[in-house]
Amino acid sequence: MPNSGPLSGKTMFISGASRGIGLAIAKRVAADGANVALVAKTAEPHPKLPGTVYTAAKEIEEAGGQALPIVGDIRDGDSVAAAVAAAVEQFGGIDICVNNASAINLGTILEVPLKRFDLMNGIEVRGTYAVSQACIPHMIGRANPHILTLSPPVRLESEWLKPTAYMMAKFGMTLCALGMAEELREHGIASNALWPRTLIATAAVQNLLGGDEAMARSRKPDVYADAAYAVLTKPAAEYTGHALLCEDVLLASGVTDLSVYDCVPGSDLGVDLWVDTVNPPGYVQP
């Protein structure tokens, strides 16, 4: 029997869902019986990164959805167009577009070479624009269409204006999301950005931000997946143009205890970039 839920039969196109947060979101919507087209570069196993686009597709199907794994580079417009066309051919249209793919380098302007700058801004900014642009024509007229971009609130206080290259890339994603919200209002397509308050236990945190110690101070990817699901099931015509934080979304949707998402119960959680505190103002742990 197919799974049933608000997203049953819906089709999501997501970038970079071979592992981590993207895969967690894909599996969360798959649990409703959704279709998931996932485009990523990882076709072969990587020594430091778990999963490929094919292992992710298997997990999505095991979670209850239909999966279409696509190997592609979201910086390449032709590659994106082909991936979106394949998704539409397979599933008949697109209801949800999730811009998850990102590259990270936390170096300063003295440390990040142009090649790495181009990689980050190519994936984050150009990739978000390209994937969204290709999906939108297939979202117009669908019931409750949503674009969700995994990027932070734009904070212009001096402490949040660095590291320069990564800041530009992630803020660029959010500006794209907010701009699309205004341009797509007339079509009833929602566009929102979503970001966590804390570190999230992913390969990037493990490899780049402090290894096991950082992982112990993180929340599980489920906090992002559950928040994304809450956003994607809201009325698209009304709920658009927001730069949201996962924990705030969850509390507003009825979650009362955020500790269920902690990797290590009672740990001193690490605050993510562009966020002031690990919990929403006024939240008291039950």
Side-chain angles (χ1 to χ4, degrees), residues 3 5-8 10-40 42 49-53 55-70 74 83 87 91 94-102 123-124 127-128 131-132 135 139 144-152 170 173-174 177 190-205 218-234 236 239 242-250 253 255 261 272:
N3 294 350
L7 302 182
S8 177
K10 300 275 190 181
T11 295
M12 180 173 81
F13 188 96
I14 181 169
S15 64
S18 297
R19 63 187 67 87
I21 292 163
L23 178 56
I25 292 173
K27 289 166 68 173
R28 182 65 184 87
V29 304
D32 270 15
N35 308 312
V36 180
L38 58 156
V39 61
T42 310
L49 300 173
T52 68
V53 69
T55 60
K58 186 171 185 287
E59 290 189 49
I60 290 165
E61 294 192 334
E62 288 171 349
Q66 298 293 315
L68 175 64
I70 304 166
I74 63 166
F91 299 124
I94 295 172
D95 302 285
I96 299 165
C97 168
V98 177
N99 294 301
N100 164 66
S102 283
I123 292 173
E124 271 95 309
T128 294
V131 169
S132 302
C135 285
M139 300 174 71
N144 213 45
H146 277 268
I147 300 171
L148 186 63
T149 301
L150 307 194
S151 59
K170 295 306 293 189
M173 291 178 77
T174 303
S191 176
N192 294 289
L194 182 65
W195 190 249
R197 283 181 168 272
T198 70
L199 301 176
I200 303 295
T202 63
V205 168
S218 300
R219 284 183 169 134
K220 302 171 187 174
D222 294 355
V223 71
Y224 223 139
D226 289 350
Y229 181 87
V231 173
L232 297 173
T233 52
K234 290 185 181 294
Y239 198 79
H242 305 293
L244 304 158
L245 295 172
C246 294
E247 291 83 350
D248 303 54
V249 169
L250 290 170
S253 67
V255 173
Y261 296 108
D272 206 351

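Just so it is clear, the model here is predicted, and its values are computed rather than measured.
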Which residues pass the side chain to side chain contact (heavy atoms under 4.5 Å, CB included) test with [X], sequence neighbours left out?
X: A236; answer: N144, P145, H146, A190
X: T52; answer: T42, P45, Y54, T55
X: A227; answer: L194, C246, V249, L250
X: A56; answer: L23, L38

Gap between atom OH of Y239 and atom CG of L232 - 0.5 Å precision: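 Result: 10.5 Å between the selected atoms.
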
Set of residues satisfying salt bridge (charged side-chain N to carboxylate O under 4.0 Å, His left out) with respect to K220, sequence neighbours excluded: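 For K220 there are no salt bridge (charged side-chain N to carboxylate O under 4.0 Å, His left out) partners, ignoring immediate neighbours.
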
Please list, chain by chain and in numerical order, all residues satisfying salt bridge (charged side-chain N to carboxylate O under 4.0 Å, His left out) with R219, sequence neighbours excluded.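 Residues passing salt bridge (charged side-chain N to carboxylate O under 4.0 Å, His left out) with R219: E247, D262.
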
Please check this pair: side chain of [X] against backbone of [Y], looking for a donor-acceptor N/O pair closer than 3.5 Å.
X: K170; Y: L150; value: yes
X: N35; Y: F91; value: no
X: E124; Y: M173; value: no

For a quick test of reading the model, state the closest non-hydrogen atom pair linking [X] to [Y] and the distance between them.
X: N99; Y: G127; value: OD1-O, 4.4 Å
X: A201; Y: P221; value: O-CG, 3.5 Å
X: A67; Y: I60; value: CB-CG2, 3.9 Å
X: A243; Y: T174; value: CB-CG2, 4.3 Å

Cut-off 3.5 Å, side chains only: do N192 and T149 have a donor facing an acceptor?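 Absent: no donor and acceptor within the cut-off.
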
Does a side-chain N-to-carboxylate-O contact under 4.0 Å join R197 and D248?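 Yes, R197 and D248 are salt-bridged.
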
